Amino acid sequence: MTAYLKNLNEAQREGVINVEGPCMIIAGAGAGKTRVLTYRIVHLLKEKEIDPFHILALTFTNKAANEMRSRIEKVVGQEARNIWLGTFHSIFARILRTEADKLGYPPNFSIYDSNDSKSLIKAIVKEMNLDDKIYKPSVVLARISGAKNRLVSAHEYVNNPIYQADDESARKPEMGTIFMKYVERCFKAGAMDFDDLLFNTYKLFNQHVDVLYKYQERFKYILIDEFQDTNVAQYAILKDLAAIHKNVCVVGDDAQSIYAFRGADIRNILNFEKHYPNLQIIKLEQNYRSTKNIVNAANTIINHNKAQFKKAVWTSNEAGELIELIRATNDLEEGKLVASSIFENKVNHHLSNNDFVVLYRTNSQSRTIEEALRKMDIPYRIVGGMSFYQRKEIKDILAYLRFVVNHNDEEALKRIINLPKRGIGPTSVDKMVVAAFEHDIPIWEVMCNVEKFLSGSIANAVDEFVHMVKSFAVDLQQKDAYEVATHIARRSGLLKELHEDKTIEGLSRYENVQELLNGIKQFVVNTDNKDKSLGAFLQEIALVTSMDEASDEATEKITLMTIHATKGLEFEYVYIMGMEEDLFPSPLMLNSRADLEEERRLFYVAVTRAKRKVFCSYALNRYRFGRPKNCKPSRFIEEIDPAYLHSNEKYHRSTVSQKNTGHAAQLVNDVQKKQYKNLKPINKTLSDFQPTDTTHLKEGMKVEHPKFGVGTVTKLDTSGTEKKAKVDFINFGEKTLLLSFVKLRVLDALREERKT
DNA sequence: GCGTAACCTGTTTTT
DNA sequence: CAGGTTACGC
């Protein structure tokens with residue numbers, strides 16, 4: 001038997017080797033579905049000798065795609081590079097880029113992110129003289145997005161009496177008109193939003209049979225990860241692509257469907273069975289990840305849901321620990337208790353920071369735990385939240401690049417036309433937009449003949465801007481992306497403006513821009529990228545989200561992220577924060593029973609990330625919008641079978657067991673009990689201790705027994721003779737520090753705290 | 001058109 | 001609390 005098949009169970013092996021015909025793998029959490037998927041691809045390449053060119057593998061996140069590619073590469077080597085493997089959005093963007101002309105788009109079309117979309121909607125609402133409180137950009141976009149994801153075009157939307165009636169009763173009768181205008185404006189700007197990448201791919205395949213045929217023949221084997229999260233559009237495209245060869249394998253878990261809000265339709269799993277009568281269904285029910293207690297507790301949670309497929313997830317792992325509750329009086333204390341619990345478990349079990357994850361429902365909840373971890377000097381990384389590419393200075397540069405590549409990108413134009421200040425205000429821009437509309441010409445043409453539309457000094461300013469952009473566009477033909485981008489950054493004056501800002505924020509903004517330019521350089525140097533144009537770079541990063549960004553893996557860090565971002569990952573210890581009614585489940589989700597079930601699945605996903613232990617924390621009082629609010633524990637806590645819950649009604653007190661940990665543990669206990677009165681304050685401030693500061697551990701000293709508690713320090717004294725001394729030390733964050741140092745540090749932290 | 005200060009208002013998840 | 005918007009004076 002081939003080596004890679006040996007470490008699979010029978011069901012998994014079935015999933016790997018039966019590559020012909022349609023196949024659906026329903027896999028419980030931790031049952032190794034990614035493993036099956038990767039091995040299936042390996043099997044196709046190695047055993048069936050399929051050309052990688054004929055394999056299409058689709059995932060939802062770039063992270064998952066990269067992970068899968070590197071796993072495959074480990075087994076088959078270079079060959080893995082030629083597989084069409086990526087997210088739905090990135091693969092479809094790639095296809096659309098080559099076929100753009102057939103839909104009337106330029107090949108270097110822009111991709112609007114949701115901010116661009118909202119900004120455009122806002123502009124349209126304003127132009128139509130509608131109330132932007134009734135037509136909130138986010139609400140309108142959600143409606144448009146929902147339609148596109150169900151493959152409803154703007155034209156079909158306005159002609160459908162059901163949608164009309166819906167909007168009438170929601171007192172938003174102009175919704176359809178906004179939709180029409182939005183689509184038109186995107187098209188004229190040569191831009192597609194996220195949903196267009198799917199919608200237009202579907203349109204392309206249905207209007208151009210020859211194009212569809214080309215890709216049908218290319219993708220002889222299709223694999224889909226996280227199938228439960230596909231929406232109608234994705235499903236329809238998938239069906240089209242697989243229509244000839246029908247070698248399509250989907251992997252999913254209905255219990256982990258958490259993207260219905262984005263249009264994911266769980267019925268795809270049912271339809272799939274109907275559509276392929278000879279469908280092979282494989283169930284993976286054995287969990288290899290978690291302890292019995294975690295698997296069973298998760299099962300009791302998900303069993304509260306009515307809509308679910310029969311599945312019995314089980315494990316042969318040890319029973320393990322019960323789920324533990326952490327109750328805090330307020331959100332700040334919650335952060336501290338979680339941080340000290342992490343610290344305690346880390347030192348007691350000799351774990352790495354990488355073994356811990358803190359999960360929460362909303363990004364804004366990260367604040368309290370961040371503060372607590374910072375105070376304890378424990379390094380952490382945040383996944384999600386404000387992305388590098390979302391920063392103002394980065395978006396500004398990118399807008400320049402986008403506009404040079406696509407002169408009709410209206411959203412990019414609005415960003416940069418007066419940046420740095422050129423004396424062209426919003427009023428002038430509006431005038432040009434209106435002129436473009438009235439004469440039915442692209443905005444760029446208006447700008448090129450600006451003297452016909454605007455007066456004197458402003459026309460001159462616009463003219464100058466146009467000349468600058470034209471000169472950049474010339475470079476585009478001759479130079480690579482890096483050279484063009486650096487030139488644009490300098491010549492536009494953006495870099496200069498940032499450089500002159502000597503504040504700390506200004507400095508970091510300047511560095512960020514440098515980092516972006518470095519990123520472009522790497523893109524150019526990278527031999528994997530055949531197309532080194534600026535357009536190719538822009539397309540790639542338009543679909544990169546904050547979840548995918550590279551972070552230094554060198555230092556061990558605690559991971560902080562939303563539950564949505566954690567899918568597909570696993571950790572030894574999982575902390576779920578903010579387990580309160582009105583937060584999780586989110587009150588906005590409670591409109592219907594189905595939505596509550598999605599929140600419950602979210603909780604299920606969170607719990608099943610854990611290999612060893614789960615903590616759920618909640619606060620009795622939480623600050624929201626600067627005002628405190630009383631909270632009560634989440635209904636989800638009640639739903640866990642008490643048999644799997646650590647019955648601890650007292651406030652959680654973090655204690656380190658003394659027998660293992662010596663004096664350092666005593667210190668932690670003392671601090672928590674606030675018995676630090678006899679320690680004298682010292683004349684140093686927090687900033688005197690840099691992250692690299694090891695104070696007592698200097699050159700010529702090393703700790704010989706890196707074990708928590710007691711160690712021996714070897715020291716060379718001035719005469720050069722070696723002397724040994726027994727010391728107490730403590731693993732504080734990533735550092736091994738002498739106890740005396742930690743005492744000072746903790747004392748300072750407490751002093752700081754009293755001040756505020 | 002620009003800069004500043006006072007004012008207002010909103011709760012979610014992501015490609 | 002934080003970001004976006006309005007009002008006002010130059």
Side-chain angles (χ1 to χ4, degrees), chain A residues 58-65 86-93 111-115 117-119 122 126 132-133 136-139 141-142 145 148-149 192-199 201 226 229-231 233-234 257-264 331 359-365 367-368 383-387 389-390 392 417-430 454 457-458 461 541-548 561-567 578 580 582-591 595 598-599 601-603 605-606 622-629 631:
Chain A
L58 296 172
T59 63
F60 275 82
T61 63
N62 293 303
K63 198 174 184 166
T87 64
F88 278 93
H89 293 264
S90 69
I91 295 283
F92 293 164
I111 296 175
Y112 278 180
D113 68 12
S114 31
N115 288 320
S117 299
K118 278 181 217 160
S119 151
K122 201 173 167 183
K126 199 177 161 197
D132 64 353
K133 291 201 173 57
K136 274 188 265 185
S138 53
V139 174
L141 179 60
S145 172
K148 282 186 192 165
N149 283 328
M192 296 192 197
D193 68 12
F194 286 140
D195 306 310
D196 287 334
L197 294 176
L198 307 179
F199 186 87
T201 302
E226 309 281 12
D229 290 331
T230 48
N231 59 35
Q234 288 162 328
S257 156
I258 53 174
Y259 283 107
F261 73 91
R262 210 171 74 192
D331 48 352
L359 301 176
Y360 33 78
R361 179 67 237 269
T362 69
N363 278 308
S364 59
Q365 282 169 259
R367 266 248 312 273
T368 57
V383 179
M386 169 86 102
S387 143
Y389 294 106
Q390 304 256 323
K392 185 187 174 298
I417 191 159
N418 205 21
L419 199 100
K421 297 270 178 300
R422 275 181 262 271
I424 310 168
T427 330
S428 311
V429 176
D430 280 352
L454 290 176
S457 61
I458 292 172
I541 61 156
L543 299 167
V544 167
T545 70
S546 49
M547 278 169 60
D548 312 313
M561 59 182 151
T562 64
I563 305 175
H564 280 91
T566 196
K567 202 154 60 150
E580 294 142 35
D582 279 359
L583 189 60
F584 188 27
S586 163
L588 291 163
M589 278 292 232
L590 295 183
N591 303 325
D595 289 342
E598 175 150 324
E599 292 285 287
R601 290 193 293 268
L602 201 53
F603 186 41
V605 168
R622 177 177 299 275
Y623 272 80
R624 292 186 140 203
F625 300 124
R627 294 254 144 256
K629 209 187 143 192
C631 316

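Owing to the predicted nature of the structure, the values given are computational and were not obtained by experimental measurement. In what follows, chains are A, B, ... by sequence order, proteins preceding strands, each numbered from 1.
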Using OP1 and OP2 only, check whether a side-chain N or O of [X] sits under 4.0 Å from [N].
| X | N | value |
| --- | --- | --- |
| Ser428(A) | dG1(B) | yes |
| Asn149(A) | dT15(B) | no |
| Asn62(A) | dT15(B) | no |
| Thr562(A) | dT14(B) | yes |

Face-to-face stacking of Phe261(A) with dT13(B), centres under 5.5 angstrom, angle under 30°: yes
5′-ward residue of the pair Pro426(A)/Lys629(A) relative to DNA chain B: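 Closer to the 5' end of DNA chain B: Pro426(A).
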Across the strands shown, which category fits [X] at heavy-atom distances under 4.0 angstrom: base, sugar-phosphate, nothing?
| X | value |
| --- | --- |
| Thr427(A) | sugar-phosphate |
| Ile458(A) | sugar-phosphate |
| Phe60(A) | sugar-phosphate |
| Ser90(A) | nothing |

Starting at atom CD of Glu598(A), determine the distance to atom C1' of dT14(B), rounded to an integer number of angstrom. 12 Å
Using atom CG of Asn231(A) as one end and atom C1' of dT13(B) as the other, report the distance to the nearest whole Å. 16 Å
Ignoring hydrogens and geometry beyond distance, is the side chain of Arg262(A) in donor-acceptor contact with the base of dT13(B) at under 3.5 Å? no
Side chain to side chain contact (heavy atoms under 4.5 Å, CB included) for Asp229(A) and Gln234(A)? Distances and angles first, verdict last. CA-CA 10 Å; Asp229(A) 290 331; Gln234(A) 288 162 328; over 6 Å; no
Residue among Leu197(A), Thr59(A), Thr201(A), Leu58(A) satisfying side chain to side chain contact (heavy atoms under 4.5 Å, CB included) with Ile91(A): Leu58(A)
Given 3.5 Å as the limit, does a donor-acceptor pair link the side chain of Glu599(A) with the main chain of Phe584(A), or not? no
Looking at Leu543(A) and Ser90(A), what are the two nearest heavy atoms and their distance?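 So the two residues come closest at CD1-CA, 3.5 Å.
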